[in-house]
K.L.:
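This is the structure I want to talk about, given as structure tokens.
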Amino acid sequence: MPESRTASSLLGALRPWLRLLTRRRGRLVAGVALMAMTLASAIGLLALSGWFITATGLTGLLLAAGVAASLEVYVPGGGIRFFAVSRTLSRYLERLYNHDTVLRLLADLRARLFGVLAGLDGQALSRRRASDWLNRLTADIDTLDSLYLRLLAPAGVGLLAILGLSAFLALFAPRVGLAAGTLLLVGWLWLTLGQARLGLAASRAQVTELETLRGRLVERLQGMAELEAYASLASRRRELDAIESRLYRGQRRLGAWVALGNALASLLVGLAMLLTLWLSAQAWAAGQLSGPLMVMMPLALLAMGEALSALSAAFTWLGATWGAAERLNELEVRSGRPARSAAADGEISALEAGPLTVALEGVTLRYPGALTPALDDVTLHIAPGERMALCGVSGAGKSSVADLLLRQLTPEAGALRLGGVALAEWPEGALRQRVAALTQRIDLLDDSLAANLRLAAPEAEEDALWRALAWVGLDDWAQGVSEGLAEGLATRVGEGGQRLSGGQARRLALARLHLRDPSLVILDEPFAGLDADTAAGLASRLDPWLAGRSVLFLVHQLEGGPFQPPGIDRTLTLVEGKLVKGSAVTPRQVTGG
């Protein structure tokens with residue numbers, strides 16, 4: 001790839017994250033100032049110490065030779081102590097302040113990425129494994145933390161130090177300042193642009209291989225029993241060994257290039273010192289410089305090793321930062337939703353409270369990589385207040401219909417309308433307020449009952465939470481009457497609800513639904529995993545609560561099934577993603593009640 005295209009691609013990938021950094025520009029500037037102060041103190045300490053030692057030695061020689069001489073020792077001695085203390089203090093403050101800034105930046109980055117992931121639909125999420133998404137949220141974000149602390153700030157401070165020190169030396173001897181500055185600037189260019197170009201491909205490949213290793217390792221651990229049962233552990237272990245070998249080879253290669261950069265940095269600083277010493281000695285011989293100044297100049301350059309030493313490793317690994325930024329930028333593109341028109345917002349705000357109409361017109365849905373569509377030209381309508389049961393075996397497409405209505409999936413073809421308005425035009429907040437669903441997957445946080453219930457109603461009082469638990473028959477359990485928990489709403493449910501049985505978790509999800517006042521309710525096998533008595537009791541309480549709402553039941557079968565949804569108006573059946581012609585009409589629809 002041509003250098004201009006590479007630079008353009010790199011800048012384009014990093015631009016969104018550079019804009020994010022500018023939100024904390026005050027802290028970034030303060031951090032750079034502390035780094036510059038530390039480096040300036042180091043240069044001042046070496047330069048003033050060299051001058052003072054030389055001046056003291058020359059004064060002593062003059063006095064020994066019987067020549068009257070004097071030297072003010074308090075001012076330079078105080079200056080040396082000042083630079084020593086300021087270097088230590090500014091170094092401590094810089095590390096403390098900049099690492100705190102980086103932690104804040106990481107929080108910003110993770111919050112932004114979490115928002116992006118939350119905006120992805122099921123099709124986008126299904127393209128990658130869960131371990132890949134976790135890698136984006138952790139490893140890629142951690143890689144981006146080098147953008148400020150290891151790349152931008154040290155390179156900027158190093159460049160300012162080269163220019164500032166060269167100008168300072170030029171005040172006493174222009175040739176010395178120009179020569180030393182030119183040599184150091186060449187070194188800075190190599191340690192940034194040269195090292196980045198050298199390690200670009202290898203460092204990008206290193207991060208990709210590491211992501212692959214994490215994903216494969218998680219898969220092996222999750223499928224350990226199956227792999228052992230089919231005697232496949234050895235072959236999978238060889239695959240992991242091959243990935244690790246590639247990682248080690250890449251690390252050795254990058255380590256060698258980092259070492260090369262460090263050696264060149266030391267070499268260039270040393271050459272700059274020798275060149276400065278030679279030129280300043282010529283100036284001293286010509287009477288243009290005093291002896292202490294001649295010694296001060298090369299010693300001042302010695303501190304530049306501190307400014308350049310960190311650049312080699314950081315820029316050799318620039319490809320890793322570039323790759324992480326590109327992967328995260330892909331998520332931004334995938335999460336984009338079409339902008340809503342003001343007219344559509346007006347239509348939604350004008351919708352009255354109450355049951356919503358639902359319309360799917362010729363909807364086709366295909367999952368990434370699937371040979372056949374999950375839904376094929378599906379058309380169905382739900383009238384306001386109607387209760388429809390959509391039946392079908394596992395894999396028939398029932399859950400896909402629910403995900404479409406929840407805007408977790410986007411159809412390949414066809415139209416979806418809710419309340420007479422295109423579903424894509426609904427604002428996120430309005431959609432979540434008017435549509436509620438109980439899906440087959442129950443998501444519970446490792447927190448208290450109260451916290452999990454308040455996901456549905458953050459402002460709910462404790463009395464409302466207890467009423468919701470009583471509605472699903474969990475109040476006695478939560479109060480410890482039946483099992484001696486005695487922790488009430490503070491009872492923790494464990495990670496993913498592991499402290500609850502499957503039936504308890506499902507009822508807790510129903511209680512969460514009860515705290516909402518939706519206009520459309522989607523219930524996917526709502527009483528799965530419950531015994532007959534519990535299901536019957538819940539069904540009797542569910543029926544009046546659903547009155548005045550549009551309802552979509554997703555069930556495997558009605559006749560002979562373990563759960564009979566209350567008050568069904570109409571039944572449709574899905575077979576392999578297609579609606580079967582004809583509907584079963586229930587007595588409620590015939591009698592109007």
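The figures that follow rest on heavy atoms only: side chains count, while hydrogens, waters and symmetry mates do not.
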K.L.:
Could you tell me whether the side chain of N98 reaches within less than 4.5 Å of the side chain of V32, counting heavy atoms only?
P.N.:
no
K.L.:
With sequence neighbours excluded, what pairs up with R24 under the side-chain hydrogen bond (donor to acceptor under 3.5 Å, both in side chains) test?
P.N.:
D108
K.L.:
E239: what forms a salt bridge (Lys or Arg N to Asp or Glu O under 4.0 Å) with it, not counting sequence neighbours?
P.N.:
R216, R220, R236
K.L.:
Would you check if L444 and L500 make a side-chain contact, meaning some heavy-atom pair closer than 4.5 Å?
P.N.:
yes
K.L.:
Looking at residues at least two apart in the chain, or sitting in another chain, which of them share a ring pair (Phe, Tyr, Trp, His ring centres under 6.0 Å) with F172?
P.N.:
F168
K.L.:
What residues form a salt bridge (Lys or Arg N to Asp or Glu O under 4.0 Å) with R454, not counting sequence neighbours?
P.N.:
none
K.L.:
Can you tell if the side chain of L449 reaches within under 4.5 Å of the side chain of L508, non-hydrogen atoms only?
P.N.:
yes
K.L.:
Is it the case that over 12 heavy atoms from other parts of the model lie below 6.0 angstrom from the CZ atom of R110?
P.N.:
yes
K.L.:
Does any pair with a residue in residues 44-53 pass side chain to side chain donor-acceptor pair (under 3.5 Å), and if so which ones, sequence neighbours excluded?
P.N.:
none
K.L.:
Sequence neighbours left out, what pairs pass side chain to side chain donor-acceptor pair (under 3.5 Å) with at least one residue falling in residues 260-289?
P.N.:
none
K.L.:
Taking only residues two or more places apart in sequence or in another chain, which ones pass side-chain hydrogen bond (donor to acceptor under 3.5 Å, both in side chains) with S90?
P.N.:
T38
K.L.:
Suppose the criterion is side chain to side chain donor-acceptor pair (under 3.5 Å): which pairs have a residue in residues 164-193, not counting sequence neighbours?
P.N.:
W190-Q195
K.L.:
Under the side-chain hydrogen bond (donor to acceptor under 3.5 Å, both in side chains) test, which residues partner S41, sequence neighbours left out?
P.N.:
S86
K.L.:
Could you list the residues that satisfy salt bridge (Lys or Arg N to Asp or Glu O under 4.0 Å) with E306, not counting sequence neighbours?
P.N.:
R87, R91
K.L.:
Are the side chains of E209 and R204 in touch, meaning some heavy atoms are under 4.5 Å apart?
P.N.:
no
K.L.:
Output, in order, the C-alpha distance, side-chain angles, deciding distance and verdict of side-chain contact (heavy atoms from CB on, under 4.5 Å) for R25 and T22.
P.N.:
CA-CA 5 Å; R25 63 172 63 88; T22 59; 3.7 Å; yes
K.L.:
Roughly how far, to the nearest 0.5 Å, is the CG atom of L39 from the CG atom of L160?
P.N.:
9.5 Å
K.L.:
Working to the nearest 0.5 angstrom, can you tell me the gap between F315 CZ and L191 CG?
P.N.:
9.5 Å
K.L.:
Within the structure provided, determine whether S448 and T491 are in side-chain contact (heavy-atom separation under 4.5 Å).
P.N.:
no
K.L.:
Keeping the roles fixed (side chain from R432, backbone from L406), state whether a donor-acceptor pair exists under 3.5 Å.
P.N.:
yes
K.L.:
Just to verify, what does R104 make a salt bridge (Lys or Arg N to Asp or Glu O under 4.0 Å) with, not counting sequence neighbours?
P.N.:
D100
K.L.:
For E228, is the CD atom crowded, meaning more than 12 foreign heavy atoms sit under 6.0 Å from it?
P.N.:
no
K.L.:
Can you list the residues that meet the ring pair (Phe, Tyr, Trp, His ring centres under 6.0 Å) rule with Y248, with sequence neighbours excluded?
P.N.:
none
K.L.:
What distance do L28 atom CG and R23 atom CZ have between them, rounded to the nearest 0.5 Å?
P.N.:
12.5 Å
